[in-house]
Novice: 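Dumping the structure here so I can ask a few things about it.
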Amino acid sequence: MQDLFSKFMENAVRFEQDSRTIRVKYKLCVDKMDGIELHTVMEAMDVAGILDYSLAKAADLIIKHAITPAVSYGSPAMFAEDVNQGSEGISEAVLKILPSQDCKIVDVDGDAIYARVIQVIKFIFKHICFENGSWIRSFGRLTWPRISDIIISKFLSKVVPEDASKLVDFQNIVKCTSEFEFSLKEMMFLSASDGKDYRLSSFSENVEVHFAFRKKTEVLGKARNLLLQCDFSVPQDYTSKGPLLKNDGMAINSSNQVVDLIFSSERCVVSKAASQLMELVHQTLQDVCLSSARVAWEFYHAVRDAILLYEAVIPVKLERQLDGINQVAILMYNDCLFLSQEILGLAFEYRTDFPDSIKEHAVFADMAPRFHLMAEEILQRQIQIIIFNLREVIDGADGFQNTHQMQQFESAKFSIDQAVFILEKVHIIWEPLLRPSTYKRSMCMVLESVFSRITKDILLLDDLAAEETLQLQRLIHMMLDNLSSLLKSLISAFDSNEKSEEDTSRPIDDLIPSLRKIRKLGELLDMPLKSITSAWESGELMSCGFTILELKDFIRAIFADSTLRKECIWRIENVSLY
């Protein structure tokens, strides 16, 4: 029976593609049954309780070919009705779908769009449901969820304001939407009691939420795009002519990648990603201050999510580069430091202007520690990579043994040259980008690892020939000479950082203890035994970091066993008792 009635309805309601016409026949012919009235078929389906099932295909046809074109925002279809009436009454009704004469119509008020939809539904009400309230209600239950979705997606969602100032104008849409649903209720197409049927009014009345959701999506989209597209390059016109200090009277580079650290007297260079991300954050927070509570709350969450996108996107994007010695890691360190300080300042800058309902709930400070921690992790990872590479090249010196032999000397010299090359590379990358205090602290840590390792290796040598001590001395002097510009840069960092949070009054040798020690070791390698003993007795060698065991082993390695050596070692041991 269901299949038979379905065939009747397929025969009754057809769409003609060539003429773009929906044709409703009043007299039907199916399986040699001729002259069956459509009204009779509708009554029979209603009695059998299969009205919804049998109307399904007709509903699909009308939604696809009439409703969807009616609500097409920008270029909607128009409709013309016609009725063929003979001596026995109406034989068929026709709904012609006509293209819009103006392809650029913009029905911002919604009146025309809703009028076209009502025209289609009235056609159904009159010519398919025969103005029967129960039948049109059944047709409404069958089609309204899809029709309302189409209206929301193709019209209402497209006219949600893009600017908070235009929210008032949207009230016209709210009004005509409510009137549209009221008209459908009068036709009994919608239920008078089921609130779920009023989906369009619910959407339009909650436009603030939709507006805020759209803006939130837009903010997050912009944030993600700028993070993904950033190449982490240094500004082309950026040159380092000194420390990036505020108010120091210098012509600081004007690039927006050179940023102030709000809780420091220093500046640093950040990536375009971080700079543009904070510009977007500030713009959005300004909108928070001008918005209603509902919109402001969404904007506030958009700001938090946009900031946290950096943490989610950039470490993954740059993972491979973070394993090498390059400027990307340093820019990322600066980014995290900059973001942590900016985040702490947001509440101070904007909270007083926030809507009252979110003032006590809007929090940013909780995000700052994670960026500060991420900054330190990135920098420490970079330092450890550098130290590892330096250890590897120093390992190639084979403990600086037998440097009086040409091959061993060249091998040791090559290792020293490689270490100097790495350190100079780090110097070139770090000094222009890091704030002076960080550059000083980090470079001192790296140099300490190099000098202490080389000093330790040399002090572990035993039975050194005279030529060997001179070659070791030569290697030390050569290394220190080649690092002279790097060491001068640290002194400059100290001088320029007088107002930094770190103590800069300490001399460079105090910040790199092994520097004093390796310099003194270079002197000891050709110093007479008595002079070495006197230097220990005066406390000079102890102040350079030498231990009594190191000094005794060093003397035994250089000087042959003799009464003088025994006497000097005894003097050294006795001085150590006091």
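All residue numbers refer to positions in the sequence shown, counting from 1.
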Novice: So that I can tick it off, tell me whether E311 and R304 are bridged by a salt bridge, with the cut-off set at under 4.0 angstrom between side-chain N and carboxylate O.
Specialist: no
Novice: Could you tell me whether a side-chain N or O of D260 sits under 3.5 Å from a main-chain N or O of I262, the two making a donor and an acceptor?
Specialist: no
Novice: What is the ring orientation for F15 with H65, classed by angle as parallel under 30°, tilted 30 to 60°, or perpendicular over 60°?
Specialist: parallel
Novice: If a pair satisfies ring-ring contact (aromatic ring centres under 6.0 Å, His included) and one of its residues is in residues 179-201, list it, with sequence neighbours excluded.
Specialist: Y114-F180
Novice: Without hydrogens or angle criteria, can the side chains of D335 and S271 be said to hold a donor-acceptor pair below 3.5 Å?
Specialist: yes
Novice: For ring pair (Phe, Tyr, Trp, His ring centres under 6.0 Å), just list the numbers for Y300 and F364, CA-CA rounded to whole Å, side-chain angles, deciding distance to a tenth of an Å, and then say yes or no.
Specialist: CA-CA 10 Å; Y300 158 71; F364 299 104; 5.5 Å; yes
Novice: Do Y26 and H39 have a side chain donor and acceptor closer than 3.5 Å?
Specialist: no
Novice: Only one of K222, K216, R224 forms a salt bridge (charged side-chain N to carboxylate O under 4.0 Å, His left out) with D305, so which one is it?
Specialist: K216
Novice: Between F211 and F299, how do the two ring planes meet: parallel, tilted or perpendicular, split at 30° and 60°?
Specialist: tilted
Novice: Using only atom types and a distance under 3.5 Å, with no angle test, would you say the side chain of T68 pairs donor to acceptor with the backbone of I63?
Specialist: yes
Novice: Relative to each other, are the rings of Y350 and F354 parallel, tilted or perpendicular (30° and 60° limits)?
Specialist: parallel
Novice: Quick one: does N225's side chain have a donor or acceptor within less than 3.5 Å of a partner on G221's backbone?
Specialist: yes
Novice: Measure from the side-chain N and O atoms of R199 to the backbone N and O of P145, and report whether any donor-acceptor pair falls under 3.5 Å.
Specialist: yes
Novice: Report the residue from R23, K25, K27 that forms a salt bridge (charged side-chain N to carboxylate O under 4.0 Å, His left out) with E92.
Specialist: R23
Novice: Looking only at side chains, do D46 and W135 share a donor and an acceptor under 3.5 Å apart?
Specialist: yes
Novice: Does E360, at its CD atom, have more than 12 non-hydrogen atoms belonging to other residues, nucleotides or ligands within less than 6.0 Å?
Specialist: no
Novice: With no hydrogens and no angle check, just 3.5 Å: does a side-chain donor-acceptor pair link S264 and Q341?
Specialist: no
